Structure formats: C-alpha cells, structure tokens
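Remember, it's 1-based here, ligands and their atoms both numbered in the order they're listed. Note that the coordinates shown come from a computational prediction; the quantities given were computed from them, not determined experimentally.
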Amino acid sequence: MDAHPIYDLRSDTVTRPTPAMRAAMLAAEVDDAAYGDDPVVCALEAEVAALLGKPAAIWVPTGTMANQIGVAVHTRRGDTLACVPGAHVRIHEDASAAALWGVQAMPIGDRRGFTVHALAALLDEVACGWPPIGLVWLENTLGEAGGAIWPLTGCHDGRDGLSEVAAFARAQGCAVHLDGARLWNAHVATGIGMDRWAQAGDTVSVSLSKGLGAPAGSLLAGSTEIIARARRLAHGLGGAMRQAPAMLAAAGRYALAHHIDRLADDHRRARRLAAGIADLPHWDVPEPETNLICCRVRAPIERAELLCVALRAAGIRCNPNIAREVRLAVHLDLDDTAIDAVIERVHHTLGSDPGRFAPITS
Ligand SMILES: *Cc1c(COP(=O)(O)O)cnc(C)c1O
C-alpha cells in the first residue's frame, strides 16, 4: 500500500480499467472495424442504439469526434448552432465547429440551460437577418455547470425542460443534438430511462470513458441515414482504428453491464465530499447533483489555480473548472476511504494560512 497516495479528482476520465474490464478487453475477438463487421463493435453499437431508443449508433474514439460529427450531419457551412454559453462543444473542442465545418456557436440562456422563450427570441432575430440556426444543441449533464441536470420536463428556475425545448426547436425546423457524455449520470440520478432522455435529440452522443470507466470510446446514435453518413465522416476524421475498437468496445460492453448503476455511489460520495468541505473558508461549495463539485473561490484566493497548486502539493490532483472555480470530480477509482482522505487533506490545505493563496505581486 502506498502510504501517501495521490488522489486524482481532475476528471472522471482519469479512471483506469479494472482487472475484470482488462480481462474482457483481452478476450475480445478482434477484426478490422473499418470494414464494419467487427462483432464486438457491432454488438456494442446495437446495444447502445437499443438503450437510447434509436435505429442506429456508431462507436467513435472520443466524445469530441461524436459531437463534431453531430455538428456536421445537421448543418451547412455558414449555419449557427444555439447552445448554453458553457457547452462543451463551444468551450472545450478547440472551436472545431467553426474550424472544421464553418458553424458558429450562438450562446443563449445560462450555464444551467435555456428557455423556449430564449430560443424563440434568437429565431426572431434570424427572421431579421441573423444567420440561420441549423442546430439546437443540448447537453446533459451540464459539465461546465458542475454536472447539473437539465430536467426533462417542466419549467425550472430560468429554463424549460429538455423535451419542451426540443419539441419547440423541431417545430421551428431546427435539428437537435443532445451531448450526453454524462447522460448516464442524469439517468441514474433521476431514474428516468436513457431512451426517454434521448428522445430530446435527433442525434445523441454518449461517452464510455467518463463515469463508466472505459479507457476510450463514445457513441453517436440517430437515424439509419444519419449514422450511415456519420460512418463516412468518422473515417474521414481519422477514426478508422482497425483492430483497436474491438478491445475498446469490449471494455464499453463491460462498462454497460457493470458500471451504470454504481454511478449512484459516485453521486453519494460527491455529496459526502461536498458536505465534508463546505464549512471551510474562502470558497463556496454547492451541493452536487451528480459526480462533479465546482467550488467558487473567494478573497483572498483570486484564482482557482492558486488553490489547485496548494491542493496538488497536498496530493490532490484537481484543475480549475473556470478561472474562479475549482472542480472536483468523483469517479470509479475513489472509494469511501479515498473520499475521507481527500476531505482531510482539503481541510489541512484550506484551514492553513490563507495569505499563501494570494497572488504574488511585485
Ligand atoms: C468529455 C465531454 C465531451 C468530449 O469527450 P472526449 O472523449 O473527452 O472527447 C463532450 N461533451 C461533454 C459534455 C463532455 O463532458
């Protein structure tokens, strides 16, 4: 046993495949996935399509590729897509919607979602000469909002439900994509089926390498025609990975069978971690809805990075979410003992002389 282990809370992507998952990967029958007849990849695609209630799905190496294909299949050069300001596609994909497809992101609402009214107001401006909205972009859970769940129905503090927004968007002739990299977390936290959430999107992307703990892989689901186009786009983007997808798909199938329900443990541990560090000075710790905790720093801590440096020195790897928020991600590789140790180290770090968090001025 490592006497002073380092706890990695940077993201839920940092998990390592478990021994049982590695065994499933090793045992996978492999073939050339680019020819489309790899049995394990085909089985995973069929499984996820069925889970999401869509006719077809394609495995791709990353969520970013799934999302970028989602942009490409619904838009034309010079279109825009409407999304929340902190959407992954807008702030964490290196402006690829613009760089690859000539599509500009139009932020509406706030970090926790938007209303039908806000979308209608944007569409009104299109009628006055603003560029066309080819695509309405939804995300659940909302990463930049600390894993907040965008509810499926009803009006909730400044946003409408995903299903109402989607129905309105379609009635206006817009396509809808749901970035569901962490849709599993929304499903487990609410008990609402993956297929019901997925109804909101004409296409839906889901990740196997976040909370589910696979080393790589995402799927894009949608109609048979759209997924046929997606296969050509994935190939063109360099996604034809030959014998590798079979092993990664085996990890994905293992994760679907064993790592969905246990997300409830991550959510419980995230709440316990938040409760254990909420009474410390110099930051505001929200009650997490799922597995992410985004803590807003206060004076004298000017920037989240200053606190992250101190936490890293104490053996807690973490990063800023935004400039003034520290993000702590709870995942498969953190058990109750680890959470206790993290709480203790955070106390030790934040409880000490706050002056050391002040930026160095000369
Ligand atoms: C992680 C994530 C992605 C991208 O997934 P990668 O596999 O890291 O490319 C897309 N959307 C959301 C909401 C994410 O959290």
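In summary, the atoms of ligand 1 found under 4.0 Å from a heavy atom of Ala181, numbered by their order in the structure, are 2 (C), 11 (N), 12 (C), 13 (C), 14 (C), 15 (O). Close approach of ligand 1 to Thr62 (heavy-atom distance below 4.0 Å) involves ligand atoms 7 (O), 9 (O). In the vicinity of Asn67, heavy-atom distances shorter than 4.0 Å reach the ligand 1 atoms 10 (C), 11 (N).
The shortest contact between atom 11 (N) of ligand 1 and any protein heavy atom is with Asp179 OD2, 2.6 Å. Regarding atom 9 (O) of ligand 1, its nearest protein heavy-atom neighbour is Thr64 OG1, 2.7 Å. Distance from atom 7 (O) of ligand 1 to its nearest protein heavy atom, with residue and atom name: Gly63 N, 2.8 Å. With respect to atom 15 (O) of ligand 1, the closest heavy atom belonging to the protein is Lys210 NZ, 2.6 Å.
Looking only at atom types and distance, the side chain of Glu144 has no donor-acceptor partner in the side chain of Asn321 under 3.5 Å away.
A salt bridge does not link Lys54 to Asp195: none of the charged nitrogens lies less than 4.0 Å from a carboxylate oxygen. The pair Arg112-Glu289 counts as a salt bridge, with a side-chain nitrogen and a carboxylate oxygen less than 4.0 angstrom apart.
Considering backbone and side-chain atoms alike, Arg182 places an N or O below 3.5 Å from some N or O of ligand 1.
In Glu344, the CD atom is not crowded: 12 or fewer heavy atoms of neighbouring residues, nucleotides or ligands sit closer than 6.0 Å.
Aromatic rings from Phe114 and Trp137 are positioned such that their centres are separated by 6.0 Å or more.
Nearest heavy-atom pair across Ala200 and Ala166 is O-CB, 3.2 Å.
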